[in-house]
Amino acid sequence: MPEGHTVHRLARTLDQLFAGRRLAVSSPQGRFAAGADVLDGATLVGAEAWGKQLFCRFDVPGPDAGAYERWLRVHLGLYGAWTFAGDGSADVAHAIGAPRRRVGERETTLSSEPSDQAAGGRDPRPAGPGEWTAPEPRGAVRVRLLAPHAVADLTGPTACEVLTPDEKAAVEDRLGPDPIRPDGGHDSLEAARAAFVARVRRSRVTVGQQLIDQAVVAGVGNIYRAEALFRAGLDPLRPGRDVAAAVLEQIWDDLVALLRDGAASGRIVTTRPEHRDDGGAAHGGGATGDEQARAGAVVTAAGRRRTRQNTDDDPDAVPAHEAFYVYHREGLPCRVCGTPVLIEELAGRNLFWCGVCQT
DNA sequence: TTTGTATGTGAAG
DNA sequence: TTCACCTACAAAG
């Protein structure tokens with residue numbers, strides 16, 4: 001599910017796996033053969049994300065002793081995904097043993113599973129420590145990044161190209177502030193918020209359309225759009241210039257919390273415990289970390305407080321069907337007022353909202 | 001085996 | 001506003 005939070009997680013994983021390492025770069029599928037040729041044998045200096053864009057810096061050995069800087073730019077689009085495998089030596093705890101496969105970061109397991117090996121037609125098990133071998137690429141692998149201890153395969157990206165530093169800067173120039181970056185990609189998070197508010201208010205384009213415009217705010221997709229607007233009680237069809245600055249500031253702050261939670265957990269959970277189907281009795285996770293901290297304890301269905309359990313902070317404890325207020329809930333009763341959730345196609349994308357709670 | 005679906009983007013009309 | 005495109009997987013026939 002590649003909205004901005006996913007891409008930031010991927011950047012972190014690639015960083016942890018490969019930063020500072022010389023990599024064998026190839027394109028098993030062939031469609032990135034020329035780019036792989038440029039990067040093969042180069043050192044991956046680090047990976048970073050800006051919104052949904054993933055940038056990996058490589059130092060490519062030059063003709064003399066020096067090296068020149070190149071950036072691998074990847075945009076996952078709707079179907080793109082990275083697959084990781086390795087000998088388990090790297091410390092990427094958040095990616096190990098992920099309970100489910102997700103678009104955007106599927107099979108995040110870093111110890112090669114026997115089934116993977118079998119599927120690749122390899123020996124069922126590596127010979128021993130230090131003799132790990134990467135599984136055969138599965139599917140249409142555009143790019144393979146290979147180190148002695150780990151491999152990362154990319155399939156189905158919308159964009160995958162090698163850029164010069166200037167070209168990378170040109171891409172970033174077209175992007176709005178990113179709520180996940182510590183400074184929002186601006187001089188400060190406050191400056192980023194001000195830029196977001198001013199940008200939305202200078203246009204009469206609906207706030208719903210503007211929220212998924214990457215030039216307005218980078219990293220927000222269809223889910224965060226729908227959920228942030230619901231949490232703000234704001235009608236998606238309202239023209240941007242008619243939205244009070246204070247409301248937009250609140251939306252920005254909420255996006256910062258929601259996206260950062262998503263990047264930390266790998267899941268999008270926007271519902272507050274009291275708005276889940278069971279009233280939050282089973283688990284208190286989700287909403288934002290701030291909200292959890294303020295809550296301090298869990299209120300049961302019977303209205304009693306109980307001690308927070310470990311699973312309360314685990315967003316995986318919130319079932320998928322309770323994670324959202326309106327996204328993909330068309331026709332179902334609004335979690336707050338009970339009115340059926342609306343759906344409408346706006347600019348080619350499905351828009352979900354509550355006609356009563358959002359005005 | 002075919003069809004449908006998906007959290008996205010950008011070019012063409 | 002419509003279309004093409006990148007791919008995997010589940011459901012339908």
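Labels below follow one simple rule: chain letters A, B, ... track the order of the sequence lines, proteins then strands, and each chain is numbered from 1.
- Rounded to an integer number of Å, the gap from Leu10(A) CG to dT7(B) P is 18 Å.
- Here the straight-line distance linking atom CG of Leu23(A) with atom CZ of Phe18(A) works out to 6.0 Å at 0.5 Å rounding.
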Would you sort out whether Phe196(A) and Gln210(A) count as a side-chain contact (heavy atoms from CB on, under 4.5 Å), showing the intermediate values? CA-CA 10 Å; Phe196(A) 165 76; Gln210(A) 293 203 61; over 6 Å; no

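- dC5(C) and dG13(B): their P atoms are spaced 14 Å apart (whole Å).
- At whole-Å resolution of the value, CG in Leu78(A) and P in dA4(C) are 16 Å apart.
- Closest to the side chain of Gln214(A), out of dC6(C), dT9(B), dT7(B), is dT9(B).
- Separating the CD atom of Glu345(A) from the C1' atom of dT2(C) is a distance of 11 Å, rounded to the nearest angstrom.
- With both ends at atom C1', the span from dC9(C) to dT9(B) equals 22 Å, rounded to whole Å.
- Between His75(A) atom NE2 and dG10(B) atom P the separation is 7 Å, expressed in whole Å.
- When the options Glu167(A), Arg73(A), His75(A) are evaluated for a side chain to side chain contact (heavy atoms under 4.5 Å, CB included) with Glu161(A), the one that passes is Arg73(A).
- When atom types are taken as modelled, the side chain of Trp50(A) and the backbone of Gly176(A) share a donor-acceptor pair closer than 3.5 angstrom.
- Considering only side-chain atoms of Asn222(A), the nucleotide from dT9(B), dG10(B), dT7(B) that sits closest is dT7(B).
- Going from atom NZ of Lys52(A) over to atom C1' of dT9(B) covers 9 Å, rounded to whole Å.
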Can Arg144(A) and Glu136(A) be said to form a salt bridge (charged side-chain N to carboxylate O under 4.0 Å, His left out), step by step? CA-CA 10 Å; Arg144(A) 162 162 283 205; Glu136(A) 289 297 312; over 6 Å; no

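- Classification of Arg231(A) and Glu227(A) as a salt-bridged pair fails, no side-chain N sitting under 4.0 Å from a carboxylate O.
- Here CD1 of Ile212(A) is found 7.0 Å from NZ of Lys52(A). Values are rounded to the nearest 0.5 Å.
- As rounded to the nearest Å, dT7(B) and dT1(C) have C1' atoms that lie 22 Å from one another.
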Report the C-alpha distance between Gln250(A) and Trp252(A) in whole Å, list the side-chain angles of each, state the deciding distance to 0.1 Å, and finish with yes or no for side-chain hydrogen bond (donor to acceptor under 3.5 Å, both in side chains). CA-CA 5 Å; Gln250(A) 174 207 326; Trp252(A) 169 269; over 6 Å; no

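- Going from atom CG of Leu175(A) over to atom P of dG10(B) covers 9 Å, rounded to whole Å.
- A gap of 15 Å separates the P atoms of dC6(C) and dA12(B), to the nearest Å.
- The stretch residues 28-39 of chain A touches DNA chain C through Gln29(A), Arg31(A), each having a heavy atom under 4.0 angstrom from the strand.
- Only Tyr327(A), His328(A), listed by number, bring a heavy atom of residues 326-336 of chain A to less than 4.0 angstrom from any atom of DNA chain B.
- One atom, CD of Gln53(A), and another, C1' of dT9(B), lie 10 Å apart when rounded to the nearest Å.
- Donor-acceptor pairing under 3.5 Å is lacking for the side chains of His5(A) and Asp261(A).
- Between Arg142(A) and dT7(C), a side-chain N or O to OP1/OP2 separation shorter than 4.0 Å is present.
- Within the 4.0 angstrom heavy-atom criterion, only backbone atoms of the sugar-phosphate kind lie near Gly139(A); the bases stay farther away.
- For Arg174(A), the side-chain atoms get nearest to dG10(B) when compared with the rest of dG10(B), dT9(B), dA8(C).
- Across the protein-nucleic acid pair, Asn350(A) atom CG and dT7(B) atom P stand 7 Å apart, rounded to whole Å.
- Atom name P, nucleotides dA8(C) and dG10(B): the rounded distance is 22 Å, in whole Å.
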Between Asp59(A) and Arg57(A), is a salt bridge (charged side-chain N to carboxylate O under 4.0 Å, His left out) present by the stated rule, with each step listed? CA-CA 7 Å; Asp59(A) 278 355; Arg57(A) 179 184 162 166; 3.1 Å; yes

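- Counting only heavy atoms from C-beta on, Ala140(A) has its side chain closest to dA8(C) among dT7(B), dA8(C), dT9(B).
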